[in-house]
There are 2 protein chains.
Amino acid sequence: MKQYDHPLAQDLQLSCLLYALSDPFRLEVVRKLAACQPQPCAPLQDGRPKSSVSHHFSVLRKAGLIRTDVVGVTHMNSLREQDLQSRFPGVLAAILAAAGTAGTQA
Amino acid sequence: MKQYDHPLAQDLQLSCLLYALSDPFRLEVVRKLAACQPQPCAPLQDGRPKSSVSHHFSVLRKAGLIRTDVVGVTHMNSLREQDLQSRFPGVLAAILAAAGTAGTQA
DNA sequence: CCGTTAGTTCGATTATATTCGAACTAACGG
DNA sequence: CCGTTAGTTCGAATATAATCGAACTAACGG
């Protein structure tokens with residue numbers, strides 16, 4: 001049951017975080033995770049091929065936005081809210097709030 | 001003295017804003033503008049060729065982050081803080097605060 | 001009207017991301 | 001041990017973005 005590497009909170013870069021969230025699909029994933037955690041990848045696929053979805057999750061992981069824990073056959077994803085809050089206070093919350101009001105897609 | 005088109009506050013997209021700020025150079029420009037407004041492009045060039053700088057300013061303009069007013073021979077840039085605050089409350093402030101603490105570059 | 005200054009636009013090059021199918025892997029269920 | 005499920009990795013195709021020089025433009029100063 002091998003696990004993933006996740007960057008340390010102190011190593012997270014703001015530009016990577018913003019970049020990761022600048023993709024509408026990835027932002028949606030983060031939004032859905034914020035609403036319901038933890039979740040496997042499958043229900044977040046939104047009709048895309050698995051390889052694309054896997055790529056986007058990998059971007060989110062590398063940016064430090066999500067943690068993926070392998071639990072049996074599924075990969076459980078959750079937001080690294082604590083780490084993000086300590087490294088970039090208020091940033092994720094403000095972005096999620098804005099994404100929540102400003103039309104689902106943008 | 002032709003001026004630029006700037007998108008309306010209501011048309012701004014969160015993903016474009018995050019994308020624009022995900023480039024370290026552009027984030028720096030925004031940070032410097034936040035510290036001192038308005039400013040022409042020249043002092044923000046940071047050694048890059050003018051065409052590159054112009055490109056980055058154009059991205060910031062299209063994302064709605066900055067307004068550029070042509071004043072004589074110089075182009076004066078300022079942050080659209082009001083518009084951004086009304087459309088995406090707290091987002092810019094949180095990002096600027098995080099950029100301020102988290103090492104100048106990221 | 002000529003030169004200068006400030007910045008844009010164009011076009012080409014290179015770098016980086018996204019996309020997707022196909023083959024793969026790891027864990028579980030029977 | 002075989003099939004299934006969940007997701008990754010690979011590789012190639014395509015799309016998007018960054019970079020920079022060169023030519024351009026608009027406004028001012030003299």
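Not measured: the values here are computed from a predicted model. Naming convention: chains lettered A, B, ... in sequence-line order (proteins, then strands); numbering from 1 in each chain.
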Symbol by symbol from the 5' end, with Watson-Crick or G-U pairs under 3.5 Å, [ ] crossing and | another strand, DNA chain D is ||||||||||||||||||||||||||||||

Taking only residues two or more places apart in sequence or in another chain, which ones pass side-chain contact (heavy atoms from CB on, under 4.5 Å) with B:Pro89? B:Gln85

Going by the rule ring-ring contact (aromatic ring centres under 6.0 Å, His included), which residues pair with B:His56 if we only count those two or more places apart in sequence or in a different chain? B:Phe25

Just N and O in the side chain of A:Tyr4: are any of them under 4.0 Å from OP1 or OP2 of D:dG7? no

Just the rounded figure in Å: distance from P of C:dA26 to CG of A:Asp69. 18 Å

Those residues at least two apart in sequence (or on a different chain) that pass ring-ring contact (aromatic ring centres under 6.0 Å, His included) with A:His75 are A:Tyr4

All pairs passing side-chain hydrogen bond (donor to acceptor under 3.5 Å, both in side chains) where residues 36-50 of chain B contributes a residue, at least two apart: B:Gln37-B:Glu81

Can you tell me the distance, in whole Å, between the CG atom of A:Asp46 and the P atom of C:dT19? 12 Å

Rounding to an integer number of Å, can you tell me how far B:His75 NE2 sits from D:dC28 C1'? 13 Å

Nearest listed nucleotide, side chain of A:Asp23, among D:dT8, C:dT18, C:dT5: C:dT18

So if I apply the side chain to side chain contact (heavy atoms under 4.5 Å, CB included) rule between A:Phe88 and each of A:Leu12, A:Leu18, A:Ile95, which one comes out positive? A:Leu12

Without decimals, in angstroms, what is the distance between A:Leu60 CG and D:dG7 P? 14 Å

Output the rounded distance in Å from CG (A:Asp5) to P (D:dT8). 14 Å

Could you tell me the separation between the CE atom of B:Met76 and the P atom of D:dA27, rounded to a whole number of Å? 17 Å

Would you say B:Val91 and A:Val91 make side-chain contact, with heavy atoms under 4.5 Å? no

Residues joined to A:Tyr19 in its hydrophobic cluster, side chain to side chain under 4.5 Å directly or through other members, sorted by chain and number, are B:Tyr19

Those residues at least two apart in sequence (or on a different chain) that pass salt bridge (Lys or Arg N to Asp or Glu O under 4.0 Å) with B:Arg80 are B:Asp83

Under 4.0 angstrom between A:Arg61 side-chain N/O and D:dT8 OP1 or OP2: yes

Without decimals, in angstroms, what is the distance between B:Gln3 CD and D:dT25 P? 19 Å

Heavy atom of residues 47-59 of chain B under 4.0 Å from DNA chain D: which residues? B:Arg48, B:Pro49, B:Ser51, B:Ser52, B:His55, B:His56

State which residues pass side-chain contact (heavy atoms from CB on, under 4.5 Å) with A:Ser58; sequence neighbours excluded, sorted by chain then number. A:Arg61, A:Lys62

Is the distance from OP1 or OP2 of C:dT18 to the nearest side-chain N or O of A:Tyr19 less than 4.0 Å? yes

